[in-house]
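To start, the structure itself, in structure tokens.
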Protein chains: 2
Amino acid sequence: MWRARQSANASRPACSNWQQVLRPDARFRDQEGICTMMDSAETALAATGDLSLHQQIVNDVEAKILAGDWPPGHRVPFEMELAEQYKCSRMTVNKAMSQLARAGLIIRRKKSGSFVSLPQVQSAVLKINEIRSEIESLGKIYHYDLLERSLRRANANDRAHLDMKDGKVLHLRSLHQAGDRPFCLEERIINVAEVPQSLEESFATTAPGGWLLQQVPWSTAEHTIQAINADSETAKRLAIAEGTACLVIERRTSSNAAHITHVRLTYPGNAHILVARFTPSQS
Amino acid sequence: MWRARQSANASRPACSNWQQVLRPDARFRDQEGICTMMDSAETALAATGDLSLHQQIVNDVEAKILAGDWPPGHRVPFEMELAEQYKCSRMTVNKAMSQLARAGLIIRRKKSGSFVSLPQVQSAVLKINEIRSEIESLGKIYHYDLLERSLRRANANDRAHLDMKDGKVLHLRSLHQAGDRPFCLEERIINVAEVPQSLEESFATTAPGGWLLQQVPWSTAEHTIQAINADSETAKRLAIAEGTACLVIERRTSSNAAHITHVRLTYPGNAHILVARFTPSQS
DNA sequence: AAGTGGTCTAGACCACCCT
DNA sequence: GGGTGGTCTAGACCACTTG
């Protein structure tokens with residue numbers, strides 16, 4: 001029933017009178033009792049290590065849910081109950097429960113309590129690395145080639161991609177190579193009105209992706225992923241047979257409600273694989 | 001310099017003596033002064049609405065970073081400073097800053113302070129819906145067909161996928177259709193040792209995906225995404241030409257360190273597009 | 001009407017880290 | 001050393017929801 005309270009800080013002794021340390025002017029009526037209980041109680045959460053208390057609560061509850069002990073729909077103990085179990089304040093429990101709610105593991109309803117939520121959509125975190133670091137992490141030498149650079153008035157396609165009315169776009173086509181092999185074909189348009197300094201950059205040796213990240217401090221991005229058959233031009237550039245299946249990632253980057261750039265990355269065939277991982281705990 | 005403190009709750013009057021309300025036994029020496037300042041101060045954050053205070057702080061800081069006012073590497077004001085600005089306790093500021101740190105917008109270092117982080121990897125949240133709901137959300141009628149169901153001893157491939165030593169797997173091949181058109185080809189193996197009740201399910205009319213989600217309450221999943229050319233068998237099943245580029249999503253689902261199932265979903269050509277969205281604020 | 005989660009406070013102690 | 005973030009508390013008020 002009662003659980004040994006793990007110390008929040010690594011160096012805090014297991015049976016130190018932490019209440020006294022924390023609140024020198026507090027009443028100590030419970031101090032001895034606590035120490036006695038700690039001495040006698042089995043540390044049920046022995047392997048929890050030196051995590052913060054609210055993180056331990058998160059882990060414990062999460063473990064219960066993952067193991068199926070608490071099936072979907074099950075009511076998680078109230079904050080007050082957990083606070084009593086863990087011998088901590090409601091604030092600490094609340095922090096843990098809020099984290100679990102944000103992660104989507106539980107759903108919280110006032111008056112009713114918190115409930116284990118049903119898994120609905122498989123939500124996965126997809127990490128799309130910078131191409132350069134991705135290649136270098138493979139132990140290959142990164143090489144970048146600019147194929148085409150042109151400034152033009154936005155055509156219908158550009159306007160649709162960048163959701164703009166009129167204006168100029170900088171069109172860039174480039175090839176990323178790993179060692180001496182083509183790795184990824186990049187086709188990009190940049191909204192010149194939003195990034196005027198792009199006109200002064202030749203992009204002959206600087207890949208536009210990393211450059212833009214430095215110019216536009218933070219951004220929102222929308223991605224689409226699809227499979228296409230390589231046309232003759234793509235096949236030539238990527239040194240693959242025409243018709244080979246390619247993975248195409250399109251990304252539209254926005255900042256402050258204005259669309260900055262649109263990029264289409266074409267990876268040759270099944271050579272490239274995206275990896276995504278989903279764990280309920282993260283976030 | 002000084003900012004008007006937005007009330008945490010919508011109904012709290014702008015100039016109410018909330019300190020008094022919150023702490024009836026507190027000293028009120030500042031009460032009048034606060035009200036006077038509130039009356040005279042411009043509400044710089046007028047449009048913040050009825051959000052919680054820590055969420056307002058999150059929004060404000062995020063806006064500054066997104067707009068580029070605080071470029072990467074810039075030091076965010078210390079917790080104490082922000083607490084003074086917003087006329088709130090450090091706890092509240094801490095809550096906001098912790099949230100921003102979890103979202104990856106800032107990096108916190110003791111003694112030094114918090115700094116706007118450089119965007120590194122494009123981390124996107126990929127939502128992989130249940131196939132049924134995905135089809136139905138398209139306004140199409142969902143239809144499921146079981147093509148093959150067999151129980152077998154795990155071969156080398158199975159063992160690699162499920163990271164198991166020996167044992168039996170249930171092998172299922174099925175087709176998901178939208179209206180009268182093939183939508184997705186599913187090939188799945190289930191670790192019988194982990195889900196013995198799968199033997200009693202025919203899967204003739206029940207799609208294994210949703211069924212498993214109910215049996216195994218929560219799970220960790222690893223995904224890989226790649227593009228392949230359809231072989232003759234796949235092409236026939238999906239009613240597409242041989243060699244058509246297909247999007248293949250493979251998912252390995254685990255629970256409690258044991259691998260439950262491995263599924264390979266093949267979507268015809270560029271008909272299917274995955275959409276992922278990345279915003280720094282979420283989480 | 002009662003109970004739950006949501007939020008906030010003022011203060012405290014600690015580990016860590018930079019100077 | 002001193003300052004920063006990390007954590008925790010005991011108590012408070014409020015909105016919301018359900019019985």
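Every chain is numbered from 1 and lettered A, B, ... according to where its sequence line falls, protein lines coming before strand lines.
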Requested in this report: Classify the side-chain pair A:His54/A:Thr92 by whether it contains a donor and acceptor separated by less than 3.5 Å.
Outcome: no
Requested in this report: Mind calculating the distance between CZ (A:Arg102) and P (C:dG5) to the nearest angstrom?
Outcome: 16 Å
**Report entry** Atom-to-atom span, NE2 of B:His54 to P of C:dT9 - whole angstrom
**Finding:** 11 Å
Report summary line: The side chain to side chain donor-acceptor pair (under 3.5 Å) partners of B:Glu200 (sequence neighbours excluded) come to none
Requested in this report: Look at atom CG of B:Leu138 and say whether more than 12 heavy atoms of other residues, nucleotides or ligands are closer to it than 6.0 Å.
Outcome: yes
Query raised in the report: Which salt bridge (charged side-chain N to carboxylate O under 4.0 Å, His left out) pairs, counting each pair once, include a residue from residues 106-119 of chain A, with sequence neighbours left out?
Result: A:Glu79-A:Arg108
Query - Distance test, side-chain N/O of B:Ser112 to OP1/OP2 of D:dT4, below 4.0 Å - result: no
Report task. For B:Gln99 and C:dT7, give me the distance from atom CD to atom P, rounded to whole Å. Result -> 9 Å
Query raised in the report: For A:Ser52 and D:dT7, is the shortest distance between a side-chain N/O and OP1 or OP2 below 4.0 Å?
Result: yes
Query raised in the report: Does any residue of residues 90-98 of chain B have a heavy atom under 4.0 Å from DNA chain C, and if so, which ones, in number order?
Result: B:Arg90, B:Met91, B:Thr92
Report task. Using whole Å, report how far NZ of A:Lys87 lies from P of D:dA10. Result -> 12 Å
Query raised in the report: Distance check: side-chain N/O of B:Ser89 vs OP1/OP2 of C:dG11, anything under 4.0 Å?
Result: no
Query - Nucleotide C:dT7, atom C1' - distance to CD of B:Gln56 in whole Å - result: 12 Å
Query raised in the report: To the nearest angstrom, how far is B:Glu79 atom CD from C:dA10 atom P?
Result: 15 Å
**Report entry** Spacing of B:Phe78 atom CZ relative to D:dG3 atom P, expressed in whole Å
**Finding:** 11 Å
Query raised in the report: Between A:Arg109 and B:Arg109, which has a closest nucleotide on DNA chain D that is more 5'?
Result: B:Arg109
Query raised in the report: Between D:dT4 atom C1' and B:Leu82 atom CG, what is the distance in whole Å?
Result: 13 Å
